[in-house]
Amino acid sequence: MGKTLYRKVWEAHSAGILPDGRTQLFIDTMYLHEVTSPQAFAMLRELGLPVLHPERLFAVPDHIIPTDDQTEPYADPRAATMLNELRRNCRDNNIRLFDLPSGQQGIVHMVGPELGISQPGMTIVCGDSHTATHGAVGAVAMGIGTTQVRDVLATQTLAMSPLKVRAVRVEGTLKPGVTAKDVALHIIHRLGADGGLGYAYEFGGSVIRDMEMDGRLTVCNLAIEGAARCGYINPDEKTFEYLKGRPYAPKGADWDAAVARWKAVASDADAEYDDIVTIDAADIEPTVTWGISPDMGIGINGTIPAPEEAADDETRKARAAALEYMKLQAGQPIKGLPVDVVFIGSCTNGRISDFRAVAPLLKGRHVAEGIRALAVPGSQMTARQCEEEGIADTFRAAGFEWRLPGCSMCLAMNPDRLVGDQVCASTSNRNFKGRQGSPTGRTLLMSPVMAAAAAVTGRVSDAREVFPSIVSNS
């Protein structure tokens, strides 16, 4: 039998087997940000150990960065402390930092691919759960804990056991108005929030092959929300075209050699998988989450499920708790639910393609009265593109607050937060209790075009009905 990309990368990066049976896995690249790295550097100093391979480390501040005014010092002293600690650690250890004045700052999982640092066949880690994003270029990318960040700083290796590999194949043709975000939410709903425990997900099938790189990044970003430690897509011509010419991508003769290596790392046609799941694209609708876990999602024309309809007691309890927190009723249509806030951004949907998709829909329209709408590009590079293409002006004219790059309202470690029990139509990745800053705030995950529809109508709406061009132009 042939080998999967995961197995090829694992075997190529194995530095040996530890006494407890785990593999000592060599890590090509580690990304750092200001939230999980300070403790790791402090532990390293306590041990009297140096950073072994600073040239393989890249740092960027993102979680705590304000998106309205980035003038320092910040109003939040904790944010200022974390940022300055990141700067100190990078300076003391000769680590490349994409700081705010660099023009390359942004959310870590956007900066890496945009700069061409993340490449096929790599092992990539970061002290952030959504590191799986980088798997879209054909890398094995995983979020790790702070003590593991320390270990990689000191040894450039990670001790872990290999994962099983599940092929998740999405076949067929997507309906008009169905996006990569809907595909990802559908997969999570289908396989469950814990369905990927112990697995790496290899996303494939005709839908994934036809998907542009930004969409692939979105799908892999959400792999962890289905409990998969990593999610990846085999590199192909779209991958190579995406990476070509980026600052850290190989150049000249090195490029040709790199492409040859990257082609070889893709899963073999006869690769053996631990599990294979096939999903019919025709079953995927524009999807909205209604509960407090990303797997609690339904199509836009669906109704909120009743606890008693669940197949097991655990799911019944989870649904009942979600209904209570979200202040919803079983059997209630999701379409028409009023919202208070709309957020378009995050490492899930803060890319240039997301804003390009929404901007034409907003022309001649305006955010509904009483709705607060935020548009937050995920990186300074994306922000510049939006300004140059007139996208930012379109959002501003429609009544959106056009913000500076950062994680923003995805996780509320910065001033962008919900208030009270506000309902937010969000393009981010998690709808956990209190995720967006208020202990009673309520999050509905959806795609950028669905969020735009919510912004102009003031309620959860079918973007295909609000913006008929989505269907007519497909």
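By convention here, the first residue in the shown sequence is residue 1. Excluded from the calculations below are hydrogen atoms, water molecules and symmetry mates; all remaining heavy atoms, backbone and side chain alike, are included.
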Is any side-chain N of the basic residue among [X] and [Y] closer than 4.0 Å to the acidic one's carboxylate O?
X      : Y      : answer
Asp416 : Arg403 : yes
Asp236 : Lys238 : no
Asp340 : Arg372 : no
Glu465 : Arg459 : no
Asp28  : Arg56  : yes
Lys263 : Glu237 : yes
Arg435 : Glu225 : no

Just by distance, no angles: are the side chains of [X] and [Y] close enough, under 3.5 Å, to form a donor-acceptor pair?
X      : Y      : result
Thr131 : Asp128 : no
Tyr248 : Arg96  : yes
Ser102 : Asp99  : no
Thr427 : Asn349 : no
Arg351 : Thr218 : yes
Tyr31  : Ser118 : yes
Thr382 : Glu114 : yes

TODO: Answer yes or no: is there a donor N or O on one side and an acceptor on the other, between the side chain of Asp254 and the main chain of Pro250, under 3.5 Å?
DONE: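 Checked: no pair found.
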
- [ ] Could you grab the distance from atom CD1 of Ile298 to atom OG1 of Thr289, nearest 0.5 Å is fine?
- [x]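 The CD1 atom of Ile298 sits 9.0 Å away from the OG1 atom of Thr289.
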
Open item on the list: Working to the nearest 0.5 angstrom, can you tell me the gap between Ile344 CD1 and Ser408 OG?
Closed with: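 Answer rounded to 0.5 Å: 11.5 Å.
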
Task: Check: Phe395 ring centre within less than 6.0 Å of Phe355 ring centre - done: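 Distance test on ring centres: under 6.0 Å, yes.
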
Is there a side-chain contact between [X] and [Y], using heavy atoms and a 4.5 Å cut-off?
X      : Y      : result
Glu202 : Val168 : no
Ile144 : Arg229 : yes
Trp262 : Thr239 : no
Ile187 : Ile279 : yes
Leu445 : Val288 : no

TODO: Determine, step by step, whether Asn431 and Thr443 satisfy the side-chain hydrogen bond (donor to acceptor under 3.5 Å, both in side chains) criterion, reporting the C-alpha distance in whole Å, the side-chain angles of both residues, the deciding distance to 0.1 Å, and the verdict.
DONE: CA-CA 5 Å; Asn431 55 346; Thr443 302; over 6 Å; no

TODO: Could you check whether the rings of His53 and Phe26 sit parallel, tilted or perpendicular, using 30° and 60° as the cut-offs?
DONE: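 Plane angle over 60°, so perpendicular.
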
- [ ] Report, as yes or no, whether the 6.0 Å neighbourhood of atom CD on Glu55 holds more than 12 heavy atoms from other residues, nucleotides or ligands.
- [x]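 Counting other residues, nucleotides and ligands, CD of Glu55 exceeds 12 neighbours.
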
